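The chains referred to below are lettered A, B, ... by the order of the sequence lines, with proteins before strands, and numbering in each begins at 1. Being a predicted model, the structure only gives us computed values, none of them experimental.
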Amino acid sequence: MSFISMQHIEKSFKGNVVLKDVSLEVNKGEVISIIGPSGSGKSTFLRCLGQLETIDKGTIMVDGLCLVKTGADGKAVYADKKTQRALQIRMGMVFQQFNLFPHMTVLENILIAPKMVKGMKEADILPIAERLLKKVGLWDKRDEYPSRLSGGQKQRVAIARALAMNPDIMLFDEPTSALDPELTGEVLRTIQQLAEENMTMIIVTHEMAFAKQVADKVLFMADGLIQEEGRPEEVFDHPQSPRTQAFLQSML
Amino acid sequence: MEYLAQIVPVMAEGLKVTVSLFCVVLVLSIPGGMILAMIRMSKLRVLARIVAIYVYIMRGTPLMLQLLFIYYGLPFIPYIGIQFDDATAAIVAFVMNYAAYLCEVFRGGIQSIPKGQYEGAKVLGFTYFQTMRKIIIPQVIKCVLPPLANETINLLKDTSLVYVLAMNDILRIMRGIVQRDFDTSAFFVAGVFYLLMTFVLTRVFSYLEKRYAVYDE
Ligand SMILES: Nc1ncnc2c1ncn2[C@@H]1O[C@H](COP(=O)(O)OP(=O)(O)OP(=O)(O)O)[C@@H](O)[C@H]1O
Ligand SMILES: [Mg+2]
């Protein structure tokens, strides 16, 4: 069975149906890219997995644990709070707007969650934080506040912060969309590096070249449905659905 | 000079009244304002609406009117009428009024925190309580400090309204002295007392603001 299994997810906001019937299977170490036009439900789908939205219908299993399944009455039934939180901690999420904590330094941003959530001792987290900040190239910025960093630096801190919880899965929601074009590279390289280390990742992105290069599987989403999915060469070079073809045309 | 030495200790007695009233009201209206803000922003629709109306009334009518009503008017209300002594009436009126103002201060502060901060904390596994304590409240404090300083200094000056009751605060004692001696020195002594107190408050708040100013945004 696959590592992440999302089956027949349905979700609407006050009558506005955003996810109609979306399913996705992800194996351990796999990198999935989700592309698609604005408003197609990509973020919503990712946020359902990250437990920032609740689904109306469908099943989500992660590593054999059930987060939510459709009950007898056809409505989604969530697992108990303990299971929800256990799964939450195993997933890291990176947002378009970084969402760093502005009142904490870079280092404090990294330390706080392992300390508060996992109850780790500072002495045990420090070496991890150092390794992660060095990895994203920001160890010498550790005592700066986020407001003093560039967008690309902020996003790399956000990635390091998520990694400090040692997640099994990383979710990215347009991690480079808020960045100046010349700063996207440094963030994409960091994500690329994670891919090489076999991190399981789902990446919503508008960077087609990057999606093609980093993903094992690409999903094209429109109107709350997955219109096409497959290996990047297939989807990008030989798109089957006219919707995909039109979208890729428009992205050129 | 001799005259000053004579009136200052008398007026200092009034200072005690002013300072005690100020402290009691501040200590009660800060948590009061927080609770009102939480209700106002909660999903308890009806209660939230009631708090909104309450705040509107408290901010839309003069504090003097509220003070007079609670002291002189309340005893005449059928069934619920109660007669407070002057200190209690003053405390009740001030706390009710300032809690309403502070409700808006805290509400503004909490609403200024972007949703992303809650989401950022949630995906890291923070509980609601941890999120509030470590992420939201420290940021709220920073952004409510300037308006809180304003309200605090207003409160200090507003306490002088109790002279319409029979409370011997600085202002009432001052008036007594001026009417007795036909001498204006007491005005200046009272002014200096207030200035000293606002000076202390300003320093306290600028210290706090500096402590929280290490980051911007
Ligand atoms: N919290 C919400 N409340 C109401 N409607 C929402 C909410 N979040 C998203 N929507 C709606 O759901 C639809 C899909 O939004 P979503 O953010 O998932 O799209 P997206 O594919 O991520 O788009 P983009 O590329 O612009 O980020 C949109 O029509 C949006 O208005
Ligand atoms: Mg989106």
Side-chain angles (χ1 to χ4, degrees), chain A residues 43 46-47 49-53 81-82 84-106 108-120 143-149 154 157-158 160-167 169-173 178, chain B residues 30 34 37-38 41-45 48-49 105-149 204-217:
Chain A
S43 298
L46 200 68
R47 290 163 58 85
L49 181 56
Q51 297 184 50
L52 293 174
E53 307 285 359
K81 288 263 178 279
K82 219 177 123 202
Q84 288 181 28
R85 195 139 178 272
L87 286 174
Q88 181 90 73
I89 291 169
R90 297 180 59 181
M91 266 177 255
M93 187 154 177
V94 174
F95 304 86
Q96 187 175 342
Q97 295 301 334
F98 326 123
N99 296 342
L100 291 177
F101 305 132
H103 58 304
M104 297 180 188
T105 62
V106 165
E108 287 165 346
N109 263 280
I110 311 279
L111 299 178
I112 181 92
K115 224 185 316 191
M116 297 289 295
V117 176
K118 288 190 169 170
M120 287 171 69
D143 294 324
E144 293 281 8
Y145 284 89
S147 58
R148 303 274 310 262
L149 303 180
K154 281 183 199 169
V157 173
R161 181 178 73 172
L163 291 174
M165 289 295 283
N166 196 22
I169 302 156
M170 285 287 283
L171 310 177
F172 293 85
D173 191 2
Chain B
I30 287 179
M34 283 180 187
M38 285 190 212
M41 290 182 301
S42 74
K43 293 200 178 85
L44 310 164
R45 287 271 176 82
R49 190 84 207 121
V105 168
F106 294 131
R107 191 168 69 102
I110 293 172
Q111 284 179 342
S112 73
I113 308 299
K115 203 170 118 234
Q117 291 290 304
Y118 295 89
E119 296 186 344
K122 169 120 207 283
V123 295
L124 288 168
F126 282 65
T127 62
Y128 177 75
F129 183 70
Q130 290 171 333
T131 307
M132 291 313 278
R133 189 157 71 92
K134 289 288 179 181
I135 310 300
I136 307 302
I137 291 174
Q139 295 184 62
V140 170
I141 291 176
K142 178 186 154 92
C143 81
V144 302
L145 273 177
L148 193 59
V204 168
F205 275 102
S206 67
Y207 166 77
L208 289 174
E209 279 171 35
K210 246 186 230 120
R211 253 195 61 186
Y212 280 91
V214 288
Y215 71 94
D216 23 68
E217 227 173 29

Backbone N/O of A:Met116 and side chain of B:Gln130: donor-acceptor pair under 3.5 Å: yes
Who pairs with A:Glu53 by side chain to side chain contact (heavy atoms under 4.5 Å, CB included), at least two apart in sequence or on another chain? A:Lys11, A:Phe13, A:Arg47, A:Cys48
Highest number of heavy-atom pairs under 4.5 Å with chain B: which of A:Ala113, A:Gly92, A:Ala162? A:Ala113
Side chain to side chain donor-acceptor pair (under 3.5 Å) partners for A:Ser43, two or more places apart: A:Asp173
Separation of A:Glu108 CD from B:Lys134 NZ (nearest 0.5 Å): 9.5 Å
Atom CD1 in B:Ile141, atom NE2 in A:His103: separation rounded to 0.5 Å? 10.0 Å
Part of A:Gln97 within contact of chain B (heavy atom distance under 4.5 Å): neither
If I measure from the heavy atoms of chain B, does A:Phe95 come under 4.5 Å with its side chain, its backbone, both, or neither? side chain
Below 4.5 Å, heavy atoms only, C-beta onward: do B:Pro138 and A:Met104 meet side chain to side chain? no
Would you say that more than 12 heavy atoms from the other residues, nucleotides or ligands in this model lie under 6.0 Å from the CZ of A:Arg85, or not? yes
Across all chains, not counting sequence neighbours, the salt bridge (Lys or Arg N to Asp or Glu O under 4.0 Å) partners of B:Glu209 are none
Could you list which of residues 119-127 of chain B have a heavy atom closer than 4.5 Å to any heavy atom of chain A, in residue-number order? B:Glu119, B:Gly120, B:Ala121, B:Lys122, B:Val123, B:Leu124, B:Gly125, B:Phe126, B:Thr127
